[in-house]
Amino acid sequence: MSATRSPARLWRRSLQFRVVVGTLVLSAIVIGLTGWALVRSVADGLAEGRRDVAVSEARAGFEAAQAQLDAAVETQDGAQSQTLAEMVDDLSTTGSETRPYDLVLEGPLVSGAGVAAPVRSSVAFDESTVPASLRASVRDDGGVFWSYSRARPLGTDESAPAVVVGGRLDVPSTGDAYALYYVFSMAEQQSTLDLVLRALLLGGMAMVLLVAGVAWIVSRQVVNPVRLARRIAERYAAGNLEQRMHVRGEDDIARLSTSFNQMAASLQSQIRRLENLSRLQQRFVSDVSHELRTPLTTVRMAGEVLHRSRDRFDPATARAAELLTAEIERFEELLSDLLDLSRFDAGAAQLELDAVDLSQVARDVVQDPVVRVAGLPVELEGADVPVVVDADIRRVDRIMRNLVANAVKYSRTDRLLVRVAENEGCASIAVRDFGIGLRGDETQRVFDRFWRADPARTQGGTGLGLPISREDAALHGGTLRVWSRPAEGTEFVLTLPRAGGSVHPPAIVSELA
Ligand code: ADP
């Protein structure tokens, strides 16, 4: 049995197992209690029956013995004990051949004394056979008394359950008193009880197993459709919405299956509707961007003509021509970003993988025109050894250009730190600035489309740079993550997986984390 089938795991995961075990335990308790009560009442009944017979038989014996004693007239001690012994022998031999009892005669009784001397007995018993309380009652009060006990013949360790009935015999000629005890064996009752006990035990065990079997069959009827529903729900979760449950009959399970199928159908139609809507939207954005490209090219050409001729215009018109050119550039940038995003959305973006050395990418940052224009010093860390990973160099470059340009444009930093590192699963490259940083809520939104920290939107680009960078990273199966603290700066970490590797944990953890 494998570890996945261990009882603890089964208990946690299988409803059916819990139902069967629960039924097993509860039915064992119920059947055990019932059996115990039954055995108790049978045992009591057997013991009472035996006791009643014993008492009435003993009573007759006592009367006979007393009558025999009353008739005897000897006064000599020897003759008296002779008579008593004969009497015991008489009583022992009367009745059926297999005598159902044994006799013990003790005496003469002396008030206050413990055990009186044995006179005669049909079998020699250990003195514990007659309980002390019975001895006291017989000695001190006239009448017949009984008690349950265990008969233990002398010289053996064995004992058997017995009922002991005792009575006092008075010898009129001497005034002495003797105690006569009938020891009725209850071995037969005990074996009957053993038989009942065995039958009950076997029957009870069979019953418990039977009940557990029934619970297994019944719970299977309920659990099977639930398991089927679970499997189908898992397939829905995996995106396969075509599955349906088999509906049979009109019971609760059938109704559950029907509702389940209806739910799946409505989910499917909703998803189709949303998919269509989103496809329409994507197509719209892509169409608009494409449609705008041609007139924009014309506008750009006309703008260039105006821009070239600006020296001949009056200053206000010349300024307008300059503004026009700048805005047309921004417009073109926006259009190309939108086209890129719509390609991502349509799943049409393609990767062209090559071995890329991230250390080289980091060293290239120093040569980046934006950095050089700003005159920012760039510190490199880990870039002196090659860190090679399969990636699309165009996209990696685009991400880095965007991160570096953002740091230069927005952070007001006085230096940059570019770090490279790798582990078995992945390689990371990080761009860190020491500028104004971003607040917690801002870092959350930095990858949102069209989001810019500066609400007046007086500076910067389209707000699409980081979303595109993140899509570029995701296309590689990688991540682009940001850490930032106001007044301490911002760090973006790009992590790309190796073939068969994973981006968790990343090779660089930001100090700002
Ligand atoms: P844009 O194309 O406008 O540069 P991005 O998506 O690249 O848009 O960036 C979104 C916004 O995030 C920027 O407008 C800027 O406010 C903020 N931002 C990005 N990088 C940094 C940085 N290193 N320091 C401070 N703010 C930043």
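As the structure lists them, so they are numbered: ligands from 1, and atoms in each ligand from 1.
- Residue Pro467 places a heavy atom under 4.0 Å from ligand 1.
- Taking every heavy atom of Ala453 and a limit of under 4.0 angstrom, the matching atoms of ligand 1 come to 14 (O), 16 (O).
- Which parts of ligand 1 touch Val446 is read off a 4.0 Å heavy-atom cut-off, strictly below it: atoms 12 (O).
- Every atom of ligand 1 with a heavy atom of Asn402 under 4.0 Å away is listed here by number and element: 7 (O).
- Taking OG1 of Thr490 as the reference point, atom CD of Glu442 lies at 9.5 Å (rounded to 0.5 Å).
- Near Thr490, with a cut-off below 4.0 Å to any heavy atom, the atoms of ligand 1 are 24 (N).
- Distances shorter than 4.0 angstrom occur between a heavy atom of Gly463 and an atom of ligand 1.
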| query | Does the pair Arg449 and Asp345 meet the rule for a salt bridge (charged side-chain N to carboxylate O under 4.0 Å, His left out), with working shown? | reply | CA-CA 13 Å; Arg449 292 178 183 185; Asp345 290 344; 3.1 Å; yes
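- Only the backbone of Leu464 comes within contact range of ligand 1, with a heavy atom under 4.0 Å; no side-chain atom does.
- Listed by number with element, the atoms of ligand 1 under 4.0 Å from a non-hydrogen atom of Ser411 are 24 (N).
- Ion pairing between Arg330 and Glu333 fails under the 4.0 Å rule for side-chain N and carboxylate O.
- Salt-bridge check for Arg231 with Glu234: failed, with every basic side-chain N at 4.0 Å or more from each acidic carboxylate O.
- Side chains of Gln16 and Arg220: a donor-acceptor N/O pair is absent below 3.5 angstrom, by distance only.
- In this structure, Phe260 and Tyr236 have parallel ring planes: the angle between them is below the 30° cut-off, well short of the 60° mark.
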| query | Taking it one step at a time, do Arg363 and Gln360 satisfy side-chain hydrogen bond (donor to acceptor under 3.5 Å, both in side chains)? | reply | CA-CA 5 Å; Arg363 286 196 295 273; Gln360 184 57 48; 2.8 Å; yes
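- Residue Leu466 has at least one nitrogen or oxygen atom sitting less than 3.5 Å from a nitrogen or oxygen atom of ligand 1, judged on distance alone.
- For atom 1 (P) of ligand 1, the nearest non-hydrogen atom from the set Phe492, Trp451, Tyr410, Phe450 comes from Tyr410.
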